[in-house]
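Here the structure is laid out as C-alpha cells; the discussion comes afterwards.
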Amino acid sequence: MKPKEEMSALDVRACVRELKGYRGARVDKAYEIAPGELLLRARGGDPPRKVDLSILVGKAVHLTTLPREAPEKPTAFVMNLRKHLANAFVDDVRQHGFDRVVELVSNRKDGVYVLVVELFHDGNVVLVKDDRIVTALAHQSWATREVRPGVEWTPAPARADPSTLSLEEFAAKVRASNADAVRTLATEGNLGGAFAEEVCAQAGVPKNTPVADLSSAQIAALRDALKALLDRVDAGPLEPVVALRGEEKVDVAPFPLRAHEGLTLQRFATFQEALDAYFGRSVTTEKVDPRLKKLADEKAKVQRMLDAQEAALSKFAREEAEAKRKADLLYGHFDVVQRLTKTLWDAGKSLGWKAVQERLKEGRKAGNPEAALVESLSPNEGAAVLSLEDMGGKKGRVRVDLRKSVQENADAQYEMAKKMRAKTQGAIEARERTRARMKELDERGLEIVAQLAQKAERKAATKRFWFEQFRWFYTSDGHLVLAGRDVKGNERIVAKQLEEQDRYLHADVSGAPSTVVKAKDGAVSETALQEAAAFAASNSRIWNAGHAAGEAYWVTPSQVSKTPNPGEYVAKGSFIIRGKRNFLRVPIRLAIGEVEIEGHRKVMGGPVEAVAARATRYVVLEPGDSPTNQVANELAAALGVNVEEVQGVMPPASVRIVERHGL
C-alpha cells in the first residue's frame, strides 16, 4: 500500500458527517498559514469551544488542534474571506454529490454564502454568494467552467452518489469501464484504492477480475457491498484509524480495512482526530528559516507569471488564426462582399439606416441570400457583421467597415494577425526571461531573497510628490502625465502646469478630466501622446459606459482658452478649444502596479504599456461589474500598501481584473 496523499470521496463523506455537528458555529477569522494551507477559525460545538478547520488545498479538510502560527500580513484572498464571513454562522456542511468537495453554507441577511473547498486536481477554495463568485484562491478556466471573481458559479459536474443508484444504473457504469473491478471502483466510483479493495473483498469478487468477465451476480454483489460500506459511513459506528508501516503513516480511514492487515493501527475517538494526526502539520514545532517562506512566495509569483504568459501565448495564437480566417473569408466571398458593402453604405446615406434595417429584415424573410449574410448593422460606426462560410461549410462572423473596400477590410485583418505575431514574439521573449528568473531562483534563491529584502527597504513609500494632488503616471518613455481629479484640479492643471512645449488632451466626451503631457527634453513623443490619450479616455465617462475603446484628442497649449466666444459661457473646469483637434482612438483599459519613483515605492495607475514598463507586480483592468472599493482592497492587500494609495489610482467606475502579473 502506497501512502495516502489525499482524501477520497468516501473520506470526505465521513468527514462531513462529523462536521455537521458544528452547524451553528460562528466564524471568527481566516488565515493562510502557508502557501496552499488555509485555516478557518470558528467557535462552536457543545459545549462551545474554539474550532480550527484546516484546509490543505487539493489534499484534505479537517478540524485540527495543532498549534498554528498566523502570518504577519493576511493575503488578499484571506482579507476577502474575513470581510464576507466574519461573524457568519455555519448553517450547513455538505458534500457535493459523491465528489471530493466540501461546502460550508451560511445564510446571511445579504445573501447565501457558500465556501466551496475543492480537493480534486490541484484543488481550490472559492467563496460564492447567491451563485456568483466573490473570490477564489486560484483563478481557473476550462472549456465549460470558469473560476474568477464576478462570474456565475458553475460547480464541477458532480459524481453520482452510489447509494442512490439502482442496480441497472450501477451495472451500466461498471460495464462502461475497460479496467478490472478494483480500478473501476477506485476511479469511476471515486473510492480510492483501499476502499475499492474493501468492496471487492466484502463482495467476494477477485479484485483483478476484468469488468468484461464480471457476471451479473458479481456486479450485484459489488453494488450491495458498496452500499453497505456507504451505510456504515452515513449512520454506522466509526472506528477511525491511522495505519502505519513501521513509523511511516500510510493510510487514514473511518474504520479498519482489509488493506490494513499486517499494519499497525492507531485508533482515535473521531475521524477528525485521525485526519489531523495523518494530514495535520504544526508550523510552530519546527524552526523554519523565514527566507524559505519568502523564497517560496517569490517562486509562486514567478510561476503565476509563467502561467499568465503561457495563457497569453495561446490567446495570441488564437487571435492570429482568427484574423487570418476572417481575411480569407472576405477574399473567398470577394464579389458578394464588395457588392453588399457598397449597397448598404449607399442605401444608408440615401434612405436612412432604419429603412435599410427594415429592408434587410424583409429580405431575410423572403429568402434573399445576400440579406441573410448581414447578421447586424452598426450605423453609428458605419459597420456591419457578416456571416460567411468557408470552403468546408463552416460559418464565421466578420465585422466590416462599409466605407472601405474588401481589400482594405481584409488588409485590416491581416494587419491584426501581424500584430498578434509580434505580440507572440514579445510574449515568447518575456516567457524566456521568466524561465531564466525561475532557474536563477532554483540555483541561488536565498541570496536573491536577501537582495529583494534590501530592495524592499529602499522602496518604502515615505515621500509624497507634488504631482500626487492630480491623477498621474509616467509614460513608458519617461514623460509625466497629469489629469485633474475634479473641477478645481482641471483649473489648476491648465493654469499652473500647462507650458508652451506641453500638450493638452481631453476625451471626446463631456465631463472628462483635463490632461497634460509634460514635455521631456523640449518635446512630447508620439508614444507619450498615445498613452496619455488612453489615460484621458479611460478616466472619463467612456469607462462608465463600459466601452472597449474610445477617442481622445490633443492640442497645443495656445489652442486652450478660458475666453468664450461672444454669447457663450465657459463653466468652471472647462475650456474653449480653438483650431484643429488631433484625434486618437485608444483602448479603454488601465493597469495598476507597484513602481519606484526616485527611490520611493509608489502605486501607479496608467495605460498598460506605461505600467508594464516600470512594474513587475501589476494588474490590468477593464470596465466590469466589480466595485472599485472591493478591488482596491484586494490589490492593497496583495501589494502590502494602504488601501487609500490604491483608491487614488482606480478607474472612475466598476472594473474587472483581466490580467495579473506577479500578483
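In this chain, numbering begins with 1 at the start of the sequence shown.
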Between T64 and D276: side-chain donor-acceptor atoms closer than 3.5 Å: yes
Nearest-0.5 Å distance that lies between atom [atom1] in [X] and atom [atom2] in [Y]:
| X | Y | atom1 | atom2 | result |
| --- | --- | --- | --- | --- |
| I493 | L498 | CD1 | CG | 9.5 Å |
| L621 | I592 | CG | CD1 | 5.0 Å |
| H121 | E6 | NE2 | CD | 10.5 Å |
| L275 | L63 | CG | CG | 9.0 Å |
| K602 | E596 | NZ | CD | 12.0 Å |
| L505 | F535 | CG | CZ | 11.0 Å |

For [X], check ring pair (Phe, Tyr, Trp, His ring centres under 6.0 Å) against everything at least two apart and list the hits.
| X | value |
| --- | --- |
| Y553 | F583 |
| H139 | none |
| Y504 | none |

Using modelled atom types and a 3.5 Å cut-off, is there a donor and acceptor pairing between side-chain atoms of [X] and backbone atoms of [Y]?
| X | Y | result |
| --- | --- | --- |
| E659 | A308 | no |
| E468 | F465 | yes |
| E440 | R444 | no |
| Q272 | E18 | no |
| R100 | L119 | yes |
| S106 | F89 | yes |

Steps toward side chain to side chain contact (heavy atoms under 4.5 Å, CB included) verdict (E37, Y31): CA-CA 9 Å; E37 184 177 1; Y31 303 93; over 6 Å; no
List the atom pairs, donor and acceptor, that lie under 3.5 Å between side-chain atoms in residues 77-84 and the rest of the protein, sequence neighbours left out.
from	atom 1	to	atom 2	distance (Å)
R82	NE	A30	O	2.9
R82	NH2	A30	O	3.0

Give the minimum heavy-atom separation between [X] and [Y], together with the two atoms involved.
| X | Y | value |
| --- | --- | --- |
| V114 | R94 | CG2-NH2, 4.1 Å |
| I588 | A537 | CD1-CB, 3.7 Å |
| V27 | A42 | CA-CB, 4.0 Å |
| Q647 | A632 | CG-CB, 3.8 Å |
| W472 | L482 | CB-CD2, 4.1 Å |
| E622 | R589 | OE2-NH2, 2.6 Å |

Side-chain heavy atoms of [X] within contact of [Y], under 4.5 Å:
| X | Y | result |
| --- | --- | --- |
| V112 | V105 | yes |
| E645 | R601 | yes |
| I657 | E634 | yes |
| V631 | V619 | no |
| S525 | K520 | no |
| V116 | W153 | yes |
| Y22 | V93 | no |
| T515 | W554 | no |

Counterpart residues, side chain to side chain donor-acceptor pair (under 3.5 Å), relative to Q497 (two or more places apart): none
From CA spacing to verdict: side chain to side chain contact (heavy atoms under 4.5 Å, CB included), T434, R431: CA-CA 5 Å; T434 307; R431 182 185 62 185; 5.5 Å; no
Reference residue F473; test side chain to side chain contact (heavy atoms under 4.5 Å, CB included); the match among V611, V481, V649, L480: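 The residue from V611, V481, V649, L480 that satisfies side chain to side chain contact (heavy atoms under 4.5 Å, CB included) with F473 turns out to be V481.
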Residues M305, R437; criterion side chain to side chain contact (heavy atoms under 4.5 Å, CB included); working and verdict: CA-CA 11 Å; M305 193 179 297; R437 176 66 171 174; over 6 Å; no
Between [Y] and [X], is there a salt bridge with N-O shorter than 4.0 Å?
| X | Y | result |
| --- | --- | --- |
| E644 | R464 | no |
| K423 | E319 | no |
| R435 | E432 | yes |

Partner set under salt bridge (Lys or Arg N to Asp or Glu O under 4.0 Å) for D92, not counting sequence neighbours: K20, R23
Residues which pass salt bridge (Lys or Arg N to Asp or Glu O under 4.0 Å) with R145, listed by chain and number, not counting sequence neighbours: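 With sequence neighbours excluded, R145 shows a salt bridge (Lys or Arg N to Asp or Glu O under 4.0 Å) to E118, given in chain and number order.
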Could you give all pairs that pass the salt bridge (Lys or Arg N to Asp or Glu O under 4.0 Å) test and reach [range], with sequence neighbours left out?
| range | result |
| --- | --- |
| residues 537-546 | none |
| residues 127-144 | D110-K129 |
| residues 608-620 | E594-R617 |

Residue pairs passing the side-chain hydrogen bond (donor to acceptor under 3.5 Å, both in side chains) test where at least one lies in residues 528-540, sequence neighbours excluded: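 Of all non-adjacent pairs touching residues 528-540, those that pass side-chain hydrogen bond (donor to acceptor under 3.5 Å, both in side chains) are R471-N539, S476-E531.
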Pairs satisfying ring pair (Phe, Tyr, Trp, His ring centres under 6.0 Å), at least one member in residues 625-661, at least two apart: Y618-H661
Check against side chain to side chain contact (heavy atoms under 4.5 Å, CB included), D28 and R26: CA-CA 6 Å; D28 181 12; R26 185 192 290 268; over 6 Å; no
